Structures are given as structure tokens and as C-alpha cells.
Protein chains: 2
Amino acid sequence: MQPGKSREVAVLTEESFGSRQRVTMDDVARRAGVSRALVSIVMREAPGASEEKRRRVLEAATELGYRPDVRAQSLAGQRSRVIGVMFGVTVGAFHFELLDGLFAAAESHGHNLIISPLTKSRDEDTAARSLQGFRFDALIMLSPPTSHPLLAGRIPLAVVGWHVDHPRVDVVRTDDEKGIHAAVDHLVTLGHRDIAHIDGGDTVIATARRDAYLAAMERHGLTSWARVVTGGQSQVDGLVGARRLCAADRRPTGLVAYNDDIAVAAIGVFAQHGIAVPEGISVVGYDDSSMAQLSPVPLTTVAQRPDELGRLAVERMVTRVEQRRIVDREIVLSAELRVRASTAQPTRTPA
Amino acid sequence: MQPGKSREVAVLTEESFGSRQRVTMDDVARRAGVSRALVSIVMREAPGASEEKRRRVLEAATELGYRPDVRAQSLAGQRSRVIGVMFGVTVGAFHFELLDGLFAAAESHGHNLIISPLTKSRDEDTAARSLQGFRFDALIMLSPPTSHPLLAGRIPLAVVGWHVDHPRVDVVRTDDEKGIHAAVDHLVTLGHRDIAHIDGGDTVIATARRDAYLAAMERHGLTSWARVVTGGQSQVDGLVGARRLCAADRRPTGLVAYNDDIAVAAIGVFAQHGIAVPEGISVVGYDDSSMAQLSPVPLTTVAQRPDELGRLAVERMVTRVEQRRIVDREIVLSAELRVRASTAQPTRTPA
DNA sequence: CGTTTTAGTTCTACGATACTT
DNA sequence: CAAGTATCGTAGAACTAAAAC
């Protein structure tokens with residue numbers, strides 16, 4: 001090699017955006033007065049470097065503004081250190097917090113996340129193919145919930161937020177059943193019997209929550225009161241659903257919504273029909289997203305922990321890639337009911 | 001080289017997810033009976049290959065399920081072919097469609113997008129540092145709108161959706177001024193005078209739209225009727241803003257909202273106050289997102305073209321990276337008013 | 001016949017990891 | 001620990017061989 005020459009070229013062609021660009025391990029090694037290999041060891045936090053040299057290397061790296069080249073790392077290592085992330089249109093505050101958790105965890109494990117969005121014009125297959133260019137060694141799917149992910153069994157794969165029945169798919173999710181049960185229990189304890197549910201449509205998650213609602217009602221012997229109205233993911237769906245509830249001859253005294261967006265929209269519709277919340281009707285949301293706290297009537301809701309979900313998903317995948325044992329394929333986080341102002345005792349007695 | 005050995009190792013360690021994994025240029029070259037370099041030439045669509053060999057190479061590539069390794073491409077090339085994308089919490093249907101456009105364009109230009117989200121715990125600096133590992137050669141920022149992007153002038157940079165006053169920042173945006181003017185003009189033409197605006201808060205985009213609203217009102221000699229209510233990005237902000245409007249002694253007959261989310265939320269609030277749309281009040285949204293068409297009252301709104309915005313942003317950056325000339329630093333797409341059912345002639349005469 | 005064009009190959013560089021000595 | 005070297009999978013420059021004019 002001719003380091004001198006390579007330096008020259010770099011200086012001439014690079015515009016750079018730190019102090020200098022194109023700082024390589026060589027530069028750091030030379031500056032710290034050690035070998036390249038030792039720099040590698042230090043940067044990877046691998047064992048085999050004395051405290052003093054470690055310090056000197058890190059110092060040199062900082063001074064030069066050195067950041068390891070992830071492309072080279074990825075190419076040279078046995079693992080690519082790349083985790084693909086597919087995520088779809090179901091974008092809300094909740095999914096965004098999930099992304100945040102994923103990135104934080106990935107970075108702390110020295111892995112890189114490559115996002116591959118799923119849109120109308122970009123299906124699972126296209127998204128997978130594009131990720132393949134990075135030779136990713138694991139995949140995390142956020143949405144939309146599919147019961148049979150395309151790459152299931154072909155590569156370490158984790159889905160976040162719903163249940164998948166595949167022996168080689170890892171699952172990290174919130175206990176939606178307990179979450180919905182807690183919501184129903186809360187309303188029943190307050191004295192409600194006529195409790196309706198605006199669902200989330202036909203997705204796997206929506207189905208799970210709907211089933212949980214029906215089961216909870218049955219457990220309380222309220223099957224005859226159970227009522228499901230078709231909703232969806234977003235506020236507009238909530239508007240439609242709530243409107244249908246208002247039009248019914250029997251108006252419920254309690255509502256469990258698929259998510260916070262639906263709940264907030266429903267509150268608006270109720271108000272427009274002269275029904276106050278929680279006096280006229282109690283409403284429970286789901287997710288404890290930013291929506292819940294910003295809602296005009298602070299929302300009683302079921303909290304998920306997006307940061308935890310993200311962290312666990314990444315850690316699972318890292319574990320899989322490193323071929324270490326995983327005890328349980330499915331991690332289920334508990335859901336926690338957060339009681340705020342949108343629920344109260346019923347004032348009317350249902351017919 | 002010992003290709004035989006390298007094959008063996010690959011077969012043993014790879015789980016693979018197509019038919020085979022770890023297919024390299026070597027494999028394709030061997031199969032097509034040509035040199036590796038020729039495969040490179042064909043894959044890059046570079047000149048210097050006969051039609052026949054080109055066909056044979058592509059055939060071999062298809063049969064083997066070969067995809068070039070973007071890490072190696074990135075590392076070996078003079079350019080990294082990586083474009084960083086920062087995007088923040090302002091996530092709505094609109095921004096998602098933007099992402100779609102960006103990916104489509106990037107892929108068709110043989111570039112790779114690396115997403116670096118901006119969240120509470122992840123600022124511009126952190127996001128930039130993480131991208132730096134990829135040696136990205138251009139950056140596209142979607143949000144949140146900043147007037148002084150951190151990396152301005154240090155690397156080819158494009159912002160999408162708002163104006164930035166920096167000689168080395170490319171801008172691709174919709175003509176918000178004309179868009180808002182069209183909205184106001186539309187209402188004025190219908191006979192409205194008392195037209196209010198629920199704004200988007202303090203972001204650069206929100207300020208631009210607010211100013212445009214005020215200017216439009218002035219142009220029609222309606223300055224005394226102008227009224228701005230503080231809103232924000234999401235539906236909850238719309239709820240608050242609309243409520244404030246209803247509480248005012250003088251109720252407007254027309255409303256121009258910062259975006260579709262605000263508009264839809266406002267319609268809900270109006271209904272709850274017994275005000276029908278468009279009979280009691282006309283409402284215009286912004287973005288023509290999926291929200292606009294799903295709204296219970298189909299929304300009159302100003303359409304942006306997210307796919308175009310995305311495509312142009314990518315193409316600018318590719319052009320910059322290739323050091324080719326760019327004529328105008330700022331591209332402004334026209335905004336188009338889509339008239340639907342949420343606007344009509346005023347039925348009341350304002351006091 | 002000499003010179004450019006086109007097609008194809010050979011070889012090194014890219015920036016790290018990982019192994020050997 | 002240090003030093004050296006092979007390797008990862010590609011780009012791309014330098015080079016060769018043959019055809020084209």
C-alpha cells in the first residue's frame with residue numbers, strides 16, 4: 001500500500017463534512033502509534049488491548065473525527081451487522097416510538113438498521129429484494145400485520161406487535177388480550193354493562209383485540225350486551241364507527257376502542273350528539289400514544305411500551321444471528337391500564 | 001483465489017433465503033463463461049459488452065438469483081451511492097407517500113436510501129453521525145422543517161417541503177403561497193368574507209402558510225376579517241383550534257386549515273356544535289392526503305404531489321453528486337386546489 | 001498497413017475483519 | 001500486543017486482442 005498517495009487523493013477529492021473526511025483506521029493507527037489491528041480491537045470493544053493504548057486509540061479517533069466505515073465492517077465481518085426493517089402504512093405516533101426504540105437498541109449493539117417501507121407500490125417481495133442487497137442477517141417487521149411473513153423460516157425474523165404461528169418466527173408483542181380485558185374489567189367495575197367495541201378492521205391485531213373483547217364480555221356474563229362496530233386504523237374510521245353507534249336505538253354506556261385515534265374521534269362524534277364524556281359515555285383507548293394525553297378529554301387507555309418492544313426485538317435478532325439459544329420464541333409484555341378522565345360510572349341505566 | 005473453497009464455506013454456513021444465498025459476481029461470471037469484470041460492466045449497464053454476452057450474463061444472474069452486494073458496490077465505487085434521509089415526528093399519510101416516492105426514485109437511479117429518524121432522543125447531530133458510517137454522499141431532509149440544517153454546505157443537501165435560505169441547500173417544495181391563495185380565492189369567490197385560519201404552529205412550513213393566508217386576505221381587502229387560531233400538526237390540535245373558533249362571538253363562515261388532519265378534526269367539532277359542513281361553514285384542507293378522501297364530508301383541499309417531490313429531491317442529489325450543473329437551486333411545484341364537498345356558498349351573512 | 005474502436009480480461013483499491021506468526 | 005496478510009464483493013483503470021476503417 002501507499003498510504004501517502006491514498007491520503008493525497010482523499011484530500012483532493014473530498015469535500016468533507018466534519019473536519020476531515022475519509023478518515024480510516026490507518027490514520028487513527030498512525031496517530032495513536034499502534035497497529036491497525038489494535039484500532040480494530042479497540043473500536044469493536046473486543047478484549048486484547050491495554051487500558052493505556054485503548055485510551056490513546058480512542059483519543060486519536062476522536063481527534064480525527066473517525067467513525068468506522070459500516071460498509072467495510074459489514075463486508076469484512078462474518079455477519080453483515082445489518083438488520084432489515086419492514087414497516088408499512090400503519091404509521092402513527094405509536095409506530096414512530098417503536099422505530100425510536102429499534103434504532104436505539106440497534107446502535108447500542110453495533111448493528112445497522114435498513115428501512116424498507118411497504119407501500120401501495122412496494123410489496124413485501126420488493127422490499128425484501130431491496131434489503132437483500134445489504135445481505136441483511138435478520139429482519140424485523142413492524143407492520144402491516146401478516147399471518148404468514150414472506151421470509152418466515154428463511155432468515156431470523158421477528159414480528160413486533162402481533163402473534164404469528166410459525167415455529168421460526170420470533171414474536172415480541174404486548175398482551176393485547178389482557179390489555180383489552182383490563183379495559184373491559186375497568187368499565188364493568190365502574191358499573192357498565194352495555195359496552196361496545198369499535199374494532200380495527202381485518203388485520204391480525206384488530207382481530208385479536210376484537211376476540212379479546214368478546215371473551216371479556218362473556219367472562220362477565222355480558223355476551224348479550226356485546227356489540228362490535230367496524231372501524232379501522234385511523235380517526236376517520238373512528239368517526240364512521242362512532243356515528244353508527246349513535247344511530248343505534250340502544251346507545252352503549254361504555255366503549256372500548258381499537259386504538260387511541262379511534263377513541264378520540266369517537267369522543268368528538270359523541271360530543272356532536274350532545275353526549276358528554278365520561279358523563280354520557282365512558283371511552284377507553286389503546287396504545288397510550290401522544291394522542292391519549294393531548295385529547296381534550298384525557299383518555300383512559302391501555303399502555304404499550306414501544307421502546308421495550310423495539311429493544312427486545314433487536315436483541316432477539318442479535319441473539320439469533322449469534323446462534324445463541326433463545327428460550328421462548330414469543331415474548332409477551334404486559335399491558336397496563338392508565339386511567340384518566342374519559343371513564344366514569346354510568347349515569348343512565350341501560351334499557 | 002480459490003473459488004472452490006469459498007463456495008464450500010458459503011454452502012455450509014449460509015441458511016439462505018432465495019434458492020441460494022451468497023451468490024457473487026464470480027458465480028455469475030463462471031456460469032456465463034466470462035470474466036468477473038464483464039459481469040460488472042453488464043450489471044452497471046456500462047458500455048463495452050456485446051449484446052450476446054450481455055444477454056448471457058443477465059440470464060446467468062437471473063438463474064442464480066444474483067443481486068449485487070450494495071456494501072461492496074458502495075465501498076469500491078468512488079461514490080458511496082448512499083443517500084441519507086432524515087425524517088421526524090411529523091408523520092402523516094403525506095410524509096409516507098413522500099417516502100414512497102423517494103425510494104422509487106432512488107432505486108431507479110441505483111442509489112440506496114438510509115433512513116435516520118429524528119426523535120426526542122435522537123437529534124440532528126446523532127442522526128448525522130449514524131449516517132456518516134455509511135459515507136453517504138448526499139442528504140435529504142423531510143422534517144422537521146429547520147431553517148438552518150446542521151449539514152448545510154458540508155454535503156449535497158436537499159430539503160423537501162419548505163424553503164431554506166442557504167446558497168448550498170437544494171429545495172424541492174410545493175408553492176404553498178399559491179396553494180393557500182387558491183384556497184382563500186375559492187372561498188372568496190363563493191362569497192365568503194369571514195374566513196379564519198387554523199395554523200400549524202411554529203414550524204417554518206406553518207409560518208409560510210399562515211403568512212400566505214394573511215397576504216391573501218389582504219389582497220382581497222379582507223384584512224379586518226382575518227383571524228388566525230393556533231393549531232398544530234395533528235388532529236388533536238385541530239380539535240382545540242376549532243373549539244376556540246366556536247367559542248368566539250363571531251363565527252367564521254369559512255376556514256382554511258393548515259392540513260387535512262386539522263380540517264377533518266375541525267369538521268367533527270363543528271358538527272358537535274350543530275354546525276354542518278358545508279352549510280354552516282366551509283372548510284378547506286391541505287395536502288390531499290388519504291384523510292381528505294376518507295373524511296365523512298369529502299374535503300376540498302390543496303393537493304401536493306408527494307411522488308414528484310420525492311423523485312425530484314433524489315434526482316437533484318444524484319445530479320449534485322455527479323458534479324453536474326443544476327440550474328435553479330429551488331424547485332417549486334404548483335399546488336392544485338381539489339374542490340370536493342366541504343365548501344359551498346355561505347348561507348349566513350356575517351355580522 | 002497503421003490507427004482507432006470495440007470487446008474482453010487482469011489486477012489493484014476500497015476499509016474494514018480475522019487469522020497467523 | 002504488534003505486524004503482516006488473506007478475505008469480503010465489487011468498481012474501475014490499465015491492458016490486450018481482435019476487428020474496423
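All chains are named by letter (A, B, ...) in the order of the sequence lines, taking the proteins before the strands, and each is independently numbered beginning at 1. Note that this is a predicted model, so its numbers are computed, not measured.
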Checklist line | Contact residues, residues 37-48 of chain A to DNA chain C [heavy atom, < 4.0 Å] | finding: A:Ser40, A:Arg44
Next item on the list: Measure from CG on B:Leu75 to C1' on C:dT12 and round the result to the nearest Å.
Entry: 13 Å
Check: Does B:Thr24 make a side-chain N or O approach to OP1 or OP2 of D:dG9 shorter than 4.0 Å?
Finding: no
Note to self: Give the dot-bracket line for DNA chain C from 5' end to 3' end: parentheses for intra-strand Watson-Crick or G-U pairs under 3.5 Å, square brackets for crossings, | for inter-strand pairing, dots for unpaired.
What the structure shows: .||||||||||||||||||||
Item checked: Whole-Å distance separating the CZ atom of B:Phe134 from the P atom of C:dG15 -> 16 Å
Can I get a per-line list of side-chain donor-acceptor pairs under 3.5 Å for residues 47-55 of chain B, giving both atom names and the distance, sequence neighbours left out?
| from | atom 1 | to | atom 2 | distance (Å) |
| --- | --- | --- | --- | --- |
| B:Ser50 | OG | B:Lys53 | N | 3.3 |
| B:Arg54 | NH2 | B:Ala46 | O | 3.1 |

Next item on the list: Grab the CG-C1' distance between A:Asp26 and C:dA13 for me, whole Å please.
Entry: 13 Å
Notebook entry, point to check: Rounded to whole angstroms, how far apart are CZ on B:Arg135 and P on C:dC14?
Noted result: 13 Å
Checklist line | Sugar-phosphate, base or nothing in reach of B:Ser74, heavy atoms under 4.0 Å | finding: nothing
Check: Does a donor on one side chain and an acceptor on the other come within less than 3.5 Å for A:Ser116 and A:Arg122?
Finding: yes
Checklist line | Atom-pair distance (CZ on A:Arg79; C1' on D:dT7), nearest Å | finding: 16 Å
Notebook entry, point to check: Have B:Asp100 and A:Ser121 got a donor and an acceptor in their side chains that come within less than 3.5 Å?
Noted result: yes
Item checked: A:Asp69, nearest nucleotide to its side chain (from C:dG15, C:dT9, D:dA13) -> C:dG15
Checklist line | Euclidean distance, atom CD of residue A:Glu51 to atom C1' of D:dC1 [Å, nearest integer] | finding: 14 Å
Item checked: Check: A:Arg71 side chain, B:Ser74 main-chain N or O, donor-acceptor pair, under 3.5 Å -> yes
Item checked: Validation row, ring centre B:Phe96 to ring centre B:Phe87 under 6.0 Å -> no
Next item on the list: Under 4.0 Å between any heavy atoms, over every strand shown, what does B:Met25 touch: base, sugar-phosphate, or nothing? Just pick one.
Entry: sugar-phosphate
Item checked: Among D:dG9, C:dT17, C:dA18, the nucleotide that comes nearest once only the side chain of B:Ala76 is considered -> D:dG9
Notebook entry, point to check: When you measure from the side chain of B:Arg44 to the backbone N and O of B:Ser40, does any donor-acceptor pair fall under 3.5 Å?
Noted result: yes
Check: Would you say the side-chain atoms of A:Trp162 pair up with the backbone N or O of A:Arg173, donor to acceptor, closer than 3.5 Å?
Finding: no
Note to self: Can you tell me if A:Ser50 touches the phosphate of D:dC1, counting only side-chain N or O atoms and a distance under 4.0 Å to OP1 or OP2?
What the structure shows: yes
Notebook entry, point to check: Residues in side chain to side chain contact (heavy atoms under 4.5 Å, CB included) with B:Ala37, at least two apart?
Noted result: B:Ser35
Note to self: B:Arg81: which residues meet the salt bridge (charged side-chain N to carboxylate O under 4.0 Å, His left out) condition with it, sequence neighbours left out?
What the structure shows: none
Check: When you check the phosphate oxygens OP1 and OP2 of C:dG8, does a side-chain N or O of B:Lys53 lie under 4.0 Å from one of them?
Finding: yes
Notebook entry, point to check: Of all residues at least two apart in sequence or in a different chain, which pass the salt bridge (charged side-chain N to carboxylate O under 4.0 Å, His left out) check with B:Arg324?
Noted result: B:Glu322
Margin query: I need the CZ-P distance between B:Arg71 and D:dT7, as an integer number of Å.
Written below: 17 Å
Notebook entry, point to check: Distance check: side-chain N/O of A:Arg54 vs OP1/OP2 of D:dC1, anything under 4.0 Å?
Noted result: no
Next item on the list: Calculate the interatomic distance between A:Arg30 atom CZ and C:dG15 atom C1'; express it in whole Å.
Entry: 13 Å
Item checked: Minimum-distance nucleotide to B:Arg36 side chain [options: C:dT17, C:dT9, D:dT10] -> D:dT10
Notebook entry, point to check: Between C:dG15, D:dA2, D:dT10, which nucleotide has the shortest distance from any of its atoms to the side chain of B:Gln73?
Noted result: D:dT10
